[in-house]
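The structure appears right after this line, and notes come after that.
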Amino acid sequence: MLYPLLTSPEAAREIGNKFFAACRDVGFAYLINLTTAEQQEHVNKMFQWSRTLFGLSEEDKMRAARPKDPTWHRGYSGVGREQVSQMEYDPDKLAELRKVAPDYKESFDLGNDAPTARLPNVWPPEEEIPALRGFRAHAKEFFEQGLLLEKKVLKALAMGIPGAADNFFDEYHADAENQIRLLHYPGAPAEVFVSGAKGRVAPHTDFGTCTLLFQDPEDTRGGLEVEDPRKPGHFVPAPPVAGAIVFNIGDFLMRWSNDMLKSTLHRVRAPSPQEGETHTCSRYSIPYFIGADPNKKVECIPGCYSPDRPKRYEPITVKEYIDMRMSANY
Ligand SMILES: O=C(O)CCC(=O)C(=O)O
Ligand SMILES: [Fe+2]
């Protein structure tokens, strides 16, 4: 979809309506012209840092290992540690799921770096790893830039939600609880992906408010696939579009809007090998998860339910819901 920089209130409302329609029908949209050239530079530079970080030795990466506490989603997770599961909480079934085709990826999570932040970040020691000098400063800047983009997209969406004031979402996002995830899907012999011995990310919905999925300017093959809302179980590729940010609705916007907005299942697959290709290339991506404040309660927005469309969700605090989903992922 087209997303020119907001110029006039009328233009803004029109774009808000289109944006809302895409998020209602599919739950996914390509955002273009949302970032300035300078902001796009920051995105590209973040990908360079991601390559540098994942290119370090395992030993150096483990110096910023993700803490054992499953709710502390910060720092480095090695290949195969996380297995995304959609709403499976039974420990036996989870163990079974993890044995088959573990997600073949490594990740580095970071969030708000203010001293007052709820979850402290876990940084590799830059003073001892010269290649990483400047990583933390840039990641912080990238985080801040995401907050500005967040304001724009949440306002545009609120414009389309019946009964929601344009600034409806502001009070729920006061604590900058967003999370950046640097992702690296390593390359491997093509046959391990074809046979299903390895996967990239299993089908899931995102459990925040919404996600800005930044794309690697060097990625031409993609791998993200989105479930067709009219054909459950059928996934449609969402190939990389130069300069665009992929946007998707998360579980909370679905709950707030009483299912008017869709938190759509998506997955990441290795691209099918081309003629004569025996090795599948690696891929980098950077989801920026926009998250609400943990103690806020999320309930259906009054304009989104009626006697014909009763409330589908009980109110739940952000923390309760996230803890439930997170504990199923590790
Ligand atoms: O790498 C991608 O394109 C998507 C990753 C994703 O869906 C996630 O991390 O939630
Ligand atoms: Fe996702």
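Treat the numbers as computed from the prediction; the structure is a model and nothing was measured. Indexing begins at 1, ligand by ligand and atom by atom, following the structure's order.
Of all protein heavy atoms, the one lying nearest to atom 5 (C) of ligand 1 is Tyr185 OH, 3.6 Å. The shortest contact between atom 4 (C) of ligand 1 and any protein heavy atom is with Val268 CG2, 3.6 Å. Taking atom 3 (O) of ligand 1 as the reference point, the nearest protein heavy-atom neighbour is Arg283 NH2, 2.9 Å.
Close approach to His204 involves these atoms of ligand 1, each under 4.0 Å from a residue heavy atom: 6 (C), 7 (O), 8 (C), 10 (O). The Pro287 neighbourhood of ligand 1 comprises atoms 9 (O), with distances under 4.0 Å to a heavy atom of that residue. Ligand 1 places these atoms under 4.0 Å from at least one heavy atom of His266: 7 (O). Every atom of ligand 1 is numbered from 1 in the order shown, and the set under 4.0 Å from a heavy atom of Ser285 is 1 (O), 2 (C), 3 (O).
Residue contacts with ligand 1, taken as heavy atom pairs separated by less than 4.0 Å, do not involve Arg267 at all. At a 4.0 Å heavy-atom cut-off, ligand 1 touches Leu213 through the side chain alone. Of all the heavy atoms of Arg200, none lies under 4.0 Å from any atom of ligand 1, so neither backbone nor side chain is involved. Contacts with ligand 1 closer than 4.0 Å are made by side-chain heavy atoms of Asp206 only, the backbone lying farther away. Neither the backbone nor the side chain of Thr211 has a heavy atom within less than 4.0 Å of ligand 1.
Pairing each heavy atom of Phe289 with each of Arg181, the nearest pair is CE1-CB, 3.8 Å. The heavy-atom pair separating Gly111 from Phe143 by the smallest distance is C-CE1, 3.6 Å. In terms of heavy atoms, Gln215 sits closest to Pro239 at OE1-O, 4.1 Å. The nearest pair of heavy atoms linking Arg283 to Gly223 is NE-N, 4.2 Å. Residues Lys319 and Asn295 approach most closely at CD-OD1, 4.5 Å, considering heavy atoms. Counting all heavy atoms, side chain and backbone alike, Glu314 lies closest to Arg255 at O-NH2, 3.2 Å.
Under a cut-off of 6.0 angstrom, the local environment of NZ in Lys297 is sparse, with at most 12 non-hydrogen atoms contributed by other residues, nucleotides or ligands. The number of heavy atoms from other shown groups lying within 6.0 Å of CD (Glu58) is above 12. Within a 6.0 Å sphere centred on CZ of Arg63, heavy atoms belonging to other residues, nucleotides or ligands number more than 12.
For an aromatic pair to be called close, the ring centres must be under 6.0 Å apart, and Tyr313 with Trp256 fails this.
Counting only N and O atoms by type, the side chains of Asp175 and His173 include no donor and acceptor under 3.5 Å apart. Judged purely by distance below 3.5 Å, without hydrogens or angles, the side chains of Asn178 and Asn112 never pair a donor atom with an acceptor atom. Judged by distance alone, the side chains of His42 and Glu141 do bring a donor and an acceptor atom under 3.5 Å apart.
Inclusion of Arg181 in the set of residues having an N or O under 3.5 Å from an N or O of ligand 1 is not warranted.
Legend: protein N/O/S atoms lying under 2.8 Å from the Fe ion (ligand 2), waters omitted, number 3.
The closest approach between a heavy atom of Leu183 and any atom of ligand 1 is below 4.0 Å.
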